[in-house]
Amino acid sequence: MNPKDVVSYIEGEPFISVVPVEPGLTNIEKEENGQRIVGMNTENAEINEGLVRFDIIFYVRIKDGISQVIVNVEAQKDEPAGYHILNRAVFYVSRLVSAQKERDFVGINYNDIRRVFSIWICMNMDENSMDYVHLTDDKLLGSYMWKGGLDLLNIVLIGIANELPEHDDKYGLHRLLSTLLSMELSVDEKLGIINTEYSIPVDDKLREDVSTMCNLSQGIRDNTLVDVIMTMYENNFTLEQIAVATKKSVEEVTAVIKKQEPVLA
């Protein structure tokens, strides 16, 4: 679908780590003007477990106008080294399904469970990639058709390489994401690609959001550079060697080491 057409199917405002919800409080409901009010989780916590916070969650109405699905989007600056990301994604979709009880379906009405999509965007990968992980039914004996939804649990893993991919249908999604997340492109360059290649209207709000993303990217880059400088310094590199390696002046390197302001020019 054209990106500008997708927007009309998103229902309400996406929840971006705004609504604090825990098991036991997940499905609290109240009556307002005779209507049942229910909320969406952005957090889940278990006793004796660490807090889990969903990045973004929202409802999407399918084109048939009847079906509604839940979409969860998670962003990772790179593939985690401490655990397998697919395992975490399985955990997330499982929680998103179980949290629907008494909110999206009541009692034993399991046929009302909404499909869940958990989309993971991993940056700084070796190549552009995308995998779709979902349930399958392997018939081991007989041919009985068990009723139910194999499409309830859906995981999409998107790997984003550092280089901006070419303008090609094959890399349409990756080029859009790479453009938004790029540390090299300016605000105007990003908005140009978004508008001309994806027909996404550029207004003041979008310009402000893209500008904010560019500032965050610069902050990440600067923090990374600080780490490099301090690592080299702690390993007895000279100030001149550090300056050459980081393409900064000796004075800037000294300012970082002494934690002076401004840290970097």
Side-chain angles (χ1 to χ4, degrees), residues 14-26 40-58 70-100 116-136 152-165 173-174 176-178 180-184 212-235 237 242 245-246 256 259 263-264:
F15 295 92
I16 307 175
S17 295
V18 173
V19 183
V21 181
E22 301 171 79
L25 301 177
T26 299
M40 168 71 79
N41 300 342
T42 56
E43 293 181 358
N44 272 317
E46 288 285 9
I47 297 174
N48 300 323
E49 281 188 11
L51 186 68
V52 175
R53 187 184 297 269
F54 296 116
D55 284 353
I56 304 172
I57 305 179
F58 52 95
I70 296 172
V71 178
N72 161 230
V73 180
E74 300 290 329
Q76 305 286 304
K77 63 183 179 63
D78 48 35
E79 186 173 12
Y83 59 86
H84 299 307
I85 196 165
L86 179 56
N87 292 353
R88 183 177 176 185
V90 170
F91 175 75
Y92 273 45
V93 292
S94 300
R95 295 301 293 269
L96 288 169
V97 169
S98 64
Q100 292 182 47
V116 170
F117 290 81
S118 188
I119 303 171
W120 293 74
I121 303 171
C122 297
M123 294 164 265
N124 299 309
M125 301 293 285
D126 293 334
E127 63 175 343
N128 289 307
S129 61
M130 182 161 61
D131 284 30
Y132 174 40
V133 181
H134 52 99
L135 297 176
T136 61
L152 292 179
L153 303 181
N154 302 273
I155 297 170
V156 180
L157 303 172
I158 303 173
I160 304 295
N162 290 321
E163 297 297 324
L164 186 69
L173 174 63
H174 289 74
L176 176 59
L177 292 174
S178 294
L180 286 170
L181 301 170
S182 173
M183 294 187 180
E184 307 300 330
T212 299
M213 290 185 68
C214 285
N215 291 336
L216 289 173
S217 295
Q218 183 61 44
I220 292 171
R221 178 188 294 173
D222 289 347
N223 287 335
T224 301
L225 190 56
V226 169
D227 291 341
V228 171
I229 290 173
M230 294 309 299
T231 298
M232 294 183 71
Y233 178 72
E234 291 165 0
N235 284 277
F237 284 83
I242 298 174
T246 58
V256 171
K259 297 183 180 180
V263 176
L264 292 174

NE2 of H134 to CG of L152, rounded to nearest 0.5 Å, is 13.0 Å
Residues two or more places apart in sequence or in another chain: which of them pass side chain to side chain donor-acceptor pair (under 3.5 Å) with N154? Y132
Donor-acceptor pair, distance only, cut-off 3.5 Å: does the side chain of D78 make one with the backbone of C122? no
Which atoms form the tightest heavy-atom contact between A161 and S178, and what is the distance? O-OG, 4.2 Å
With L177 via side chain to side chain contact (heavy atoms under 4.5 Å, CB included) - residues at least two apart: I121, I158, I160, L173
Q76 atom CD, neighbour heavy-atom count above 12 within 6.0 Å: yes
Please report the closest heavy-atom contact between W120 and A89, naming both atoms and the distance. NE1-CB, 3.3 Å
Would you indicate whether D126, at its atom CG, is surrounded by more than 12 heavy atoms from other residues, nucleotides or ligands within a distance under 6.0 Å? no
Report the C-alpha distance between F58 and V73 in whole Å, list the side-chain angles of each, state the deciding distance to 0.1 Å, and finish with yes or no for side-chain contact (heavy atoms from CB on, under 4.5 Å). CA-CA 9 Å; F58 52 95; V73 180; 4.0 Å; yes
Quick one, I70 and Q100 - any side-chain contact, counting heavy atoms below 4.5 Å? yes
Residues in side chain to side chain contact (heavy atoms under 4.5 Å, CB included) with L135, at least two apart? L150, L153
Nearest heavy atoms of S129 and H174, plus distance in Å: O-NE2, 2.8 Å
Spacing of CZ belonging to R95 relative to OG belonging to S118, to within rounding of 0.5 Å: 13.0 Å
Once rounded to the nearest 0.5 Å, what's the spacing between atom CD of E127 and atom CD of E163? 14.0 Å
Using a 3.5 Å distance criterion without hydrogens, assess whether the side chain of D55 forms a donor-acceptor pair with backbone atoms of A75. yes
Can you tell me how far OG1 of T246 sits from CD1 of I229, rounded to the nearest 0.5 angstrom? 4.5 Å
Contacts of N235 meeting side chain to side chain contact (heavy atoms under 4.5 Å, CB included) (sequence neighbours excluded), chain-then-number -> T231, F237
Rounded to the nearest 0.5 Å, what's the gap from CD on E74 to CD1 on I155? Could you check? 11.5 Å
Atom pair CE (M123) and CG (N162), whose distance is rounded to the nearest 0.5 Å: 10.5 Å
Under 4.5 Å between any side-chain heavy atoms of D131 and L86, yes or no? no
